[in-house]
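Counting starts at 1 for both ligands and their atoms, following the listed order. Note that the structure is predicted; figures quoted are calculated from it, not measured.
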Amino acid sequence: MSVQSILQQTEFSKSDIVELLSSEGEEKQQLFDAASRIKLDNVGNSVYLRGLIEWSNICRKDCYYCGIRRSNHRVHRYSLSEDETMDAIRFAYEKGFGSIAIQSGELQSRSFIEKIDRILTKTSEMTQGRLGITLSCGEQTEEVYRHWFDLGATRYLLRIETSSEQLYRKLHPDDEDHRHATRLKALESLKKIGYQLGTGVMIGLPFQSVEDLADDLLFMKRTDIDMCGMGPYVEHHETPLYAYRNLLLPLSDRLSLSLKMIAVLRVLMPDINIAATTALQSIEKNARMKAIAIGANVLMPNITPKRFRDDYFLYENKPLSSQNDEEELRFLEEQLQMIGHEIGFFRQGNSLHYQPQR
Ligand code: 5AD
């Protein structure tokens with residue numbers, strides 16, 4: 001079937017999705033045009049901001065792809081102090097970001113949990129609950145997830161990384177700390193508690209096929225997610241997966257595939273929030289704008305205190321802004337204007353897909 005006729009359907013099979021993800025040239029453009037239209041019809045031309053706080057790079061996990069994995073002893077480890085965190089949050093609040101995302105290496109200790117508790121409590125106090133809070137702090141018990149929800153976190157982002165258990169096993173150590181089933185269960189808990197649920201995958205991993213990526217999109221649809229953050233896999237030389245870099249697509253193809261993933265997800269799930277992620281930007285400066293133009297509607301400007309940013313080094317070429325955060329914001333605003341979009345300042349930008357009490 002042609003891409004044009006696939007796009008006219010309302011249900012999409014795995015082979016339809018593979019076809020869309022494989023489109024090139026004129027057909028790829030048809031996909032992008034359809035996704036762009038669907039986005040404007042359903043979520044409009046506002047782009048919502050999540051001030052991204054890379055809270056700590058201390059991690060108990062040892063994922064083979066990630067620069068801050070436990071076994072990488074070259075990393076200078078840090079956690080933000082409470083004051084540093086609250087300063088960043090205040091900045092986001094005052095500048096009208098509408099929401100923040102607290103992202104961290106994964107820890108399950110009491111002290112870690114309690115530090116997040118205090119940040120949530122202080123943020124709710126400072127903003128009278130007006131600032132949307134997304135947590136991205138890995139796998140936790142259902143009890144902890146519930147506790148954080150009660151303290152004011154309303155969204156949680158936990159990437160499944162890949163929906164294929166077989167591929168997941170190739171990317172992680174074979175031990176109790178790295179089980180695909182545990183991650184699935186965590187997503188279930190988050191949904192049950194009532195978070196706006198976010199997940200995502202890496203695109204262009206070694207050993208990953210287009211069929212795997214089609215399954216990833218079907219997984220997101222089936223899981224009925226409210227938000228997605230996904231981006232290209234970018235190798236990091238101090239990780240085990242670096243040994244397989246000869247299996248990778250060129251970076252430009254990984255970028256193209258990532259944009260197609262975003263566009264197809266928008267076609268499959270018209271009203272969810274989709275982030276234009278930082279990893280896109282690491283391949284091409286303007287890639288986030290391309291992602292916005294073809295389906296994404298969320299940007300996550302980094303507002304981590306500058307001196308820690310180099311330490312949250314997940315992959316090579318991670319963009320390190322030379323501008324200050326305010327200049328960066330103006331720059332984003334101008335860039336968005338050029339593609340007919342505007343920033344939803346002072347708006348939380350909740351997922352329109354989200355249905356409480358499901
Ligand atoms: N390339 C791209 N994304 C990566 N992540 C970790 N390592 C890499 C990499 N090498 C992503 C994972 C993780 C998030 C914190 O960063 O998807 O969930």
S.K.: In terms of ring plane angle, is the pair Y145 and Y156 parallel, tilted or perpendicular, where the classes change at 30° and 60°?
M.R.: perpendicular
S.K.: How about E26: does its CD atom have over 12 heavy atoms from other parts shown lying under 6.0 Å from it?
M.R.: no
S.K.: Are any of the heavy atoms in P232 under 4.0 Å away from ligand 1?
M.R.: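 The answer is yes: ligand 1 sits under 4.0 Å from a heavy atom of P232.
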S.K.: Can you check whether Y312 has an N/O within less than 3.5 Å of an N/O in ligand 1?
M.R.: no
S.K.: What atoms of ligand 1 come within less than 4.0 Å of a heavy atom belonging to R159?
M.R.: 11 (C), 12 (C), 17 (O), 18 (O)
S.K.: Below 3.5 angstrom, do we get any N/O pair linking Y65 and ligand 1?
M.R.: yes
S.K.: What residue and atom, counting heavy atoms only, is the protein's closest point to atom 18 (O) of ligand 1, and at what distance?
M.R.: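 Nearest neighbour among protein heavy atoms for atom 18 (O) of ligand 1, to 0.1 Å: E161 OE2, 2.5 Å.
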S.K.: Test ring pair (Phe, Tyr, Trp, His ring centres under 6.0 Å) on Y78 and W55 and set out the steps.
M.R.: CA-CA 8 Å; Y78 76 90; W55 191 75; 8.7 Å; no
S.K.: Please tell me whether H147 and D117 have a donor and an acceptor in their side chains that are separated by less than 3.5 angstrom.
M.R.: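 Distance-only check passes for H147 and D117.
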S.K.: Can you sort out the partners of R74 under side-chain hydrogen bond (donor to acceptor under 3.5 Å, both in side chains), two or more places apart, ordered by chain and number?
M.R.: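 Checked R74 against side-chain hydrogen bond (donor to acceptor under 3.5 Å, both in side chains); matches are E238.
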S.K.: When you check the side-chain N and O atoms of R155 and N350, is any donor under 3.5 Å from an acceptor?
M.R.: yes
S.K.: Determine, for R146 against E142, whether the closest basic-nitrogen to carboxylate-oxygen distance falls under 4.0 angstrom.
M.R.: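 Here R146 pairs with E142 in a salt bridge, since their nearest N and O are under 4.0 Å apart.
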S.K.: I'd like to know if the side chain of D215 pairs up with that of S163 as donor and acceptor (distance under 3.5 Å, no hydrogens or angles considered).
M.R.: no
S.K.: May I ask you to list the atoms of ligand 1 that are less than 4.0 angstrom from any heavy atom of Y315?
M.R.: 1 (N), 2 (C), 3 (N), 4 (C), 8 (C), 9 (C), 10 (N)
S.K.: Taking heavy atoms and a distance under 4.0 Å, where does A279 meet ligand 1: side chain, backbone, both or neither?
M.R.: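 The answer is neither.
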S.K.: Out of L241, L314, L157, L205, indicate the one that has the non-hydrogen atom closest to atom 14 (C) of ligand 1.
M.R.: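 It is L314 that holds the nearest heavy atom.
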S.K.: Can you check whether Y233 has an N/O within less than 3.5 Å of an N/O in ligand 1?
M.R.: no
S.K.: Indicate yes or no: does an N/O atom of V234 lie under 3.5 Å from an N/O atom of ligand 1?
M.R.: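 Such a contact does occur with ligand 1.
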S.K.: Which protein heavy atom lies closest to atom 3 (N) of ligand 1, and at what distance to 0.1 Å?
M.R.: M202 SD, 3.6 Å
